[in-house]
Every structure is written in C-alpha cells, then in structure tokens.
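A short write-up of the structure that comes next.
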There are 2 protein chains.
Amino acid sequence: MISRPSNSGTATPHEGFSTEQYFETQPPPPDLDARIQPARDFVERWNRVEGKKVVVVTSGGTTVPLEANTVRFLDNFSAGTRGSTSAEYLLSAGYAVIFLHRQHSLKPFSRHYSHSLNPFLDLLHLPEPGASRQDISVTNQDANHLLPVLKAYKEAQTAGTLLQMDFNTVNDYLWILREMARVMGVLGRRGMFYLAAAVSDFFLPLDRMAEHKIQSVKGNLVLEMDQVPKVLRPLVQEWLPEAYIVSFKLETEQALLIPKAQKALTRYGHQAVVANDLHKRKHEVCLVEKTPRSGQEADSTSEFTETWLKLEQLANRKTSSGSTPEIEELIIDELLKRHEVWLKG
Amino acid sequence: MISRPSNSGTATPHEGFSTEQYFETQPPPPDLDARIQPARDFVERWNRVEGKKVVVVTSGGTTVPLEANTVRFLDNFSAGTRGSTSAEYLLSAGYAVIFLHRQHSLKPFSRHYSHSLNPFLDLLHLPEPGASRQDISVTNQDANHLLPVLKAYKEAQTAGTLLQMDFNTVNDYLWILREMARVMGVLGRRGMFYLAAAVSDFFLPLDRMAEHKIQSVKGNLVLEMDQVPKVLRPLVQEWLPEAYIVSFKLETEQALLIPKAQKALTRYGHQAVVANDLHKRKHEVCLVEKTPRSGQEADSTSEFTETWLKLEQLANRKTSSGSTPEIEELIIDELLKRHEVWLKG
C-alpha cells in the first residue's frame with residue numbers, strides 16, 4: 001500500500017523541511033571538509049586559466065538508509081549512464097569536469113567496459129608460453145574501440161581536467177552540493193551545474209532512523225518518509241546566481257514530462273531542463289528553456305521553448321566515426337552553445 | 001518513523017504470505033524458462049562427470065520496486081564481494097559454479113578491478129608513437145597481479161566451469177531459486193547451495209504497487225511492505241532434501257548473531273550458517289552447525305558447533321603467495337571438507 005496522507009493525517013508531524021531546516025537538523029558527513037578540498041584546489045587552478053569553463057556533473061542515484069548501521073536503503077534507479085557519458089563529451093568540448101557521482105555507478109571512460117556487458121578481461125590475452133609477463137595483449141579488433149577511449153582517459157589524467165568525487169546517501173549529496181556551490185562561486189558565469197543525478201524525493205530524518213538492522217519477525221514493515229527540500233531553488237537564487245544550471249526531469253508518464261519541466265523552470269528560475277521519459281531516454285530528450293523575451297516579439301512567442309533532440313539526428317550528421325552514436329553528444333552540443341551565450345552576459 | 005504494527009492494526013490485511021501463496025499470487029519473470037535453460041544444460045553436462053560437484057552461489061542484494069515502471073526501489077546493502085570471492089575459491093576447489101548474482105554486482109575475477117578502487121584503464125598503456133594498435137600493454141608490476149586472475153578466468157571459460165546468471169528484484173530471485181532447486185535435484189548430494197545473496201525480508205505485493213513514478217508533491221511517503229516468505233524451509237525440506245545447503249546471517253548487533261544462526265538451523269534443518277557481523281565480515285565469520293549426534297556423546301556435546309574463522313589464521317598459513325589473504329578461502333576450505341563428508345552420506 002502506497003499512500004500519501006494529507007497533512008491532517010495521523011502520520012505527518014509537520015509541514016516538511018525547508019532547505020534551512022534540513023541543514024540545521026541533519027548532520028553533515030563527518031569528513032565533509034576533506035572531501036571538498038580537492039574540488040577547491042581544482043576550481044582554484046582552472047579559475048586562473050582565462051576563459052576556462054568548469055562544470056559539475058552529478059550522476060547516479062542517491063540512497064536513503066533505513067538504518068544507521070545500514071543494511072537496507074531506498075534507492076533511485078540510475079546506473080549513471082547519462083552523467084558519465086555526458087562528462088566525456090564535456091571534457092572533449094573543453095570543460096574542466098568535476099564528476100560528482102554515486103559510489104560504484106558508471107564513470108567516464110570505464111563505463112565502456114561494464115563488467116556485465118563488456119567485461120574488460122575478455123579484451124586481454126594471456127602471453128604465449130615462454131613470453132615475459134608484460135605481454136598480456138589486446139586483440140586488434142578490440143584495440144580499435146579501446147584505443148580512443150584509453151587515449152581520452154589518459155589525456156584527461158595528464159591535463160588534470162577531470163576530478164571525480166563520490167556520494168552515497170541523499171544526505172551526503174545535499175551537503176556536498178551546497179559546498180560545491182560555494183566552491184564554484186568564484187567562476188561566475190564560467191561555472192555550469194549539470195544535475196543528472198537521480199536524487200531521492202524522500203528521506204528519513206535522523207531522529208527517526210533505526211539504529212540496527214530492522215528485525216522482520218514482527219510483521220509488516222511500515223515506513224514514513226519526509227520530502228527532501230527542493231535545494232535547486234537556493235542553488236539558483238542564492239548560492240550560485242551566476243552559474244549556468246541544467247536540471248533533469250525523468251518521468252514515466254509522457255503527458256507529465258513537458259509540464260513538469262516548465263514548472264521547474266518557473267519555480268527555480270534556472271536555465272534549462274533536460275526532460276526525458278524513462279523508456280525513451282537513450283534516443284530522445286527535450287531541452288526545455290524559458291523563451292528569451294524581447295519587446296517586439298512579446299506576443300508572438302510562447303513562454304517556453306522546446307528543443308527536441310533525437311538520436312537519429314546524430315546518425316545523419318556523422319557517418320564515418322565507427323563509435324556508437326550517443327544522445328549525450330547532442331545534449332552537450334546544445335548546452336555548449338547556450339553556455340557561450342550565457343557567458344557573454 | 002519505522003514501526004511494525006501488530007496484525008490487529010489497521011494496516012495489516014492478512015497474516016503474511018506462505019511460500020505457496022507467494023508463488024500463486026506473484027507472477028514469474030516473463031522470460032523465466034529461457035533464463036533457466038543454460039543452467040539446465042550446465043547441470044546436465046556436469047552431472048555426467050563422475051564425482052563432479054556443482055554449487056549455486058547467490059550473490060548481491062535484491063531490489064523491491066515501489067513502482068511497476070521502476071524509478072524507486074528498496075535495496076539491501078551488498079556489493080557482492082562475499083559471493084564473487086567465494087565463487088573463485090569454489091572454482092579452484094574443483095566445483096562447477098553457477099553464479100546467480102544481482103545485475104551489476106561484483107563478479108568473480110573482474111571484482112579485482114572494481115571501476116572505483118582499481119580501474120583497469122590504469123593498467124593499460126598506450127602504444128608508443130608509430131607502433132601498431134594492438135600494442136596496448138600492461139606494466140610489469142600490474143601484470144604480476146593481473147596474470148593469475150586472467151589465467152583463472154580463461155581457465156574457467158575454457159573448461160566451462162562457470163555459469164553466470166543474474167537477477168534484479170526479490171521476485172526474480174525467488175522464482176529463479178525455486179527453478180534452480182528443480183534443476184539441481186538430479187545431482188543429489190553432489191549439489192551445494194551457497195546462499196550469500198542479501199535477500200530482502202520485505203516486498204510489495206504486485207496489486208499494491210504504483211503503476212507510475214510516485215509523485216512527491218502531496219506530502220510524505222508512506223509505505224507498507226509484507227514479509228517475504230522464508231523459502232529456505234521448502235528449499236531444504238521439499239525441493240532439495242539431498243543438497244548441502246549453506247545460508248548466511250548478517251547482523252549489526254553482535255549479540256544477535258549466533259542465536260539467530262542457531263535458530264535458522266533449527267527452523268530450516270539445513271547444514272550450515274555462515275554468521276557475520278556487518279562491520280567484521282571481512283576478517284571474522286563463524287560457521288555454525290548442528291552438532292552431529294552419537295549415542296555415547298549425547299550428553300557431553302551441546303546442540304550447536306561454532307567454528308570461528310579469522311583472517312589471521314590465513315596469514316599464518318601461507319607466507320609467499322603475494323596475493324591479499326581473503327577470509328572466503330577459509331570458508332570454502334571448511335565447507336569443502338564438510339561437503340565431502342556429506343557426500344559419503
């Protein structure tokens with residue numbers, strides 16, 4: 001039984017946490033400062049390079065532990081494909097990328113060799129008998145695919161353009177995100193947030209969390225969770241008024257998709273929403289934005305612009321690359337143009 | 001708020017599902033038969049090899065989807081380390097292994113190169129300029145560790161001793177487990193089940209599952225879940241009375257650990273429980289068994305035997321291997337001996 005009691009119901013003690021209340025009552029991860037330090041150094045370094053743009057990509061789902069000694073947790077469906085793929089295209093578009101991801105979700109570059117779908121051990125061949133140990137080799141056919149991936153990976157390592165940070169719980173995520181807003185502030189309009197992580201809408205406040213593994217002998221399990229505050233509002237309006245901010249909206253009901261994306265733009269005032277349907281997300285997304293207003297056009301344009309991006313557009317565009325086309329390439333192409341415009345003020 | 005209402009409460013419509021009721025009311029995964037077929041072939045093949053033992057290793061956590069078009073789910077903490085590591089030692093002990101694992105959890109061999117902790121791309125070096133593409137190489141130091149892993153992986157592939165099958169939801173798991181019991185029956189005492197998966201104690205019956213993503217605008221989320229029936233009982237007593245069956249008990253409260261393991265043995269009548277505390281599980285476990293009864297000793301032995309296994313025992317045993325000692329080696333050593341005794345009837 002899934003139900004949402006009205007606030008007059010027996011189970012709802014208050015109106016929900018505001019962002020301020022959230023951070024006042026829920027403790028930060030104990031090592032927060034140490035975890036943020038590499039990001040401070042990274043941003044400081046790239047801030048000195050004129051015109052360099054820096055993006056924070058969030059990726060993967062967040063967990064909601066049901067127990068302080070966690071055995072069970074609520075999770076959001078997300079392998080991290082969107083975020084890890086986008087991070088690669090952002091790197092190749094010249095961004096310095098902070099990849100803030102769910103622990104063990106897909107990462108840029110290594111995502112091509114998921115242990116389940118394309119195990120890397122299958123690429124490797126044992127040395128011939130008598131050969132020296134380092135002669136573990138990659139077959140020609142596999143090398144064709146591996147080489148550009150490996151090259152891009154090593155380039156990002158050498159150039160220091162990719163910083164990876166991880167989170168696990170929704171509480172980690174919220175605290176780290178707020179700190180990252182502070183860190184990114186110095187970049188002004190050169191900063192971008194690309195919020196692809198699937199963040200839980202609900203959480204279990206610390207004071208109601210069980211200490212140990214919930215025992216199952218006593219009957220059904222009943223859980224009540226509070227709404228996670230919408231931190232996108234302070235992120236856009238208070239913490240980072242100058243950054244270019246992109247959020248994501250994932251729905252399973254097509255009819256809700258565009259209205260909910262528009263509502264988010266109205267509510268939070270950020271720059272773009274990538275709207276995607278769970279079942280079509282790998283070949284079709286819609287970039288939803290507020291239509292820029294000018295005096296003359298005021299009555300001829302609608303309030304929102306929809307830019308539909310479809311995988312087949314990419315198939316037409318390039319024919320000789322050999323790599324599998326990915327819709328994230330189109331998303332990043334579009335955002336790159338818009339961020340350039342945003343940079344000019 | 002986490003609470004377990006008594007059955008007289010408003011929220012509990014019935015006494016809980018029996019195993020029979022579960023399988024009568026919850027539909028099987030649509031492709032169940034096709035997913036089981038490789039296991040039928042595998043068992044049939046190894047059944048023809050005299051004395052060959054076959055083990056089903058279950059590994060990783062199960063999910064409980066909250067929506068039919070799944071965005072949110074309840075999960076159990078498990079990376080699949082215990083199962084994937086044990087599978088390697090079972091292979092090297094001569095077993096044919098069916099590795100039934102949570103999708104994207106750790107797998108035998110590739111687990112050594114987790115994308116987070118030991119990314120395989122770091123092992124690989126680009127060819128020198130001008131070299132042919134296949135000259136992607138592994139450094140000597142990395143090859144020392146990689147080579148035995150790669151060898152064992154290729155050996156299992158060549159010999160056909162490892163079959164990997166996956167599951168995602170607790171419903172997948174339960175249906176597949178029941179089918180696997182049927183498939184393994186022909187092996188008699190040569191069959192082993194090593195039930196290392198972290199199976200949810202709760203599930204959401206299909207008729208109460210939301211169709212689409214639960215919307216969060218209307219207040220708190222309230223969930224009520226039913227208990228998953230304890231299928232270990234029919235597995236041991238009806239489906240597979242001859243197999244050697246090992247279950248796992250993970251707790252966070254040390255005081256509960258041994259009593260709960262003993263209770264499971266009494267309740268289900270299987271051969272062994274590996275009891276482990278969440279925080280000590282990588283260096284200390286306890287193998288709990290019913291003490292074999294003989295007339296003379298009846299009053300001198302207690303009902304249960306505890307065999308404590310600690311990582312330091314392994315450190316003393318072998319000094320020159322170079323590989324990191326793993327407690328799973330001790331667990332499998334102990335179980336191998338016991339399965340040999342069990343085989344003799």
Side-chain angles (χ1 to χ4, degrees), chain A residues 1-7 11-12 66 69-77 103-104 107 109-110 113 115-116 119-121 124 126 133-134 136-140 143-144 146-147 150-151 153-154 201-202 208 210 212-214 216 218-227 250-253 278, chain B residues 1-7 11-12 66 69-77 103-104 107 109-110 113 115-116 119-121 124 126 133-134 136-140 143-144 146-147 150-151 153-154 201-202 208 210 212-214 216 218-227 250-253 278:
Chain A
M1 184 181 67
I2 296 175
S3 62
R4 279 158 250 97
S6 70
N7 280 359
T12 307
L66 305 188
N69 288 284
T70 304
V71 173
R72 300 191 181 91
F73 54 93
L74 193 76
D75 203 345
N76 276 51
F77 166 80
Q103 210 182 7
H104 304 306
K107 301 171 99 174
F109 308 114
S110 67
Y113 297 90
H115 290 315
S116 302
F120 84 97
L121 287 172
L124 302 177
L126 287 169
R133 283 201 157 187
Q134 63 271 52
I136 292 171
S137 61
V138 177
T139 57
N140 222 335
N144 283 342
L146 176 58
L147 201 67
L150 188 60
K151 250 181 193 153
Y153 176 73
K154 301 280 179 191
D201 291 316
F202 303 103
R208 298 209 313 262
H212 288 289
K213 183 180 175 186
I214 304 162
S216 63
K218 294 166 195 159
N220 286 8
L221 175 74
V222 178
L223 287 177
E224 184 187 341
M225 295 198 199
D226 279 64
Q227 277 194 55
L250 176 74
E251 293 295 335
T252 66
E253 286 177 272
L278 180 69
Chain B
M1 185 182 66
I2 296 175
S3 62
R4 278 158 250 98
S6 71
N7 279 0
T12 307
L66 306 188
N69 288 284
T70 304
V71 173
R72 300 193 180 89
F73 54 92
L74 192 78
D75 203 345
N76 275 50
F77 167 80
Q103 209 182 6
H104 304 305
K107 300 170 98 173
F109 308 113
S110 67
Y113 297 91
H115 290 314
S116 302
F120 84 96
L121 288 172
L124 302 178
L126 287 170
R133 283 199 158 188
Q134 62 272 52
I136 294 169
S137 60
V138 177
T139 58
N140 223 334
N144 284 342
L146 176 59
L147 201 67
L150 188 60
K151 250 182 195 152
Y153 176 72
K154 302 278 180 191
D201 291 315
F202 302 103
R208 298 208 312 261
H212 288 289
K213 183 179 175 186
I214 303 162
S216 63
K218 295 167 195 160
N220 286 8
L221 175 74
V222 178
L223 287 177
E224 184 187 341
M225 294 196 200
D226 279 64
Q227 276 194 57
L250 176 74
E251 293 293 334
T252 66
E253 287 176 272
L278 181 69

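From a predicted model like this one, the values you see are computed outputs, not experimental measurements. Just so it is clear, the values below take in all heavy atoms, side chains as well, and ignore hydrogens, waters and symmetry mates. Here is how names work: the chains are called A, B, and so on, in the same order as the sequence lines, proteins then strands, and each is numbered from 1.
- Contact annotation for A/Tyr153: only side-chain heavy atoms (C-beta onward) come within less than 4.5 Å of a heavy atom of chain B.
- For chain B, the nearby parts of A/Lys151 are the backbone and the side chain; heavy atoms of each come within less than 4.5 Å.
- Tested against B/Phe73 for a side-chain contact (heavy atoms from CB on, under 4.5 Å), the candidates A/Asn76, A/Asp75, A/Leu74 yield a single pass: A/Asp75.
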| query | Checking side-chain contact (heavy atoms from CB on, under 4.5 Å) for the pair B/Leu223/A/Leu221: CA distance, chi angles, key distance, verdict? | reply | CA-CA 8 Å; B/Leu223 287 177; A/Leu221 175 74; over 6 Å; no
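- Atom CG of A/Leu126 sits about 8.5 Å away from atom CG of B/Leu146, to the nearest 0.5 Å.
- Atoms CZ and CG, from B/Phe120 and A/Leu121 in turn, are 9.0 Å apart once rounded to the nearest 0.5 Å.
- Counting all heavy atoms, side chain and backbone alike, B/Asn220 lies closest to A/Gln227 at OD1-N, 4.0 Å.
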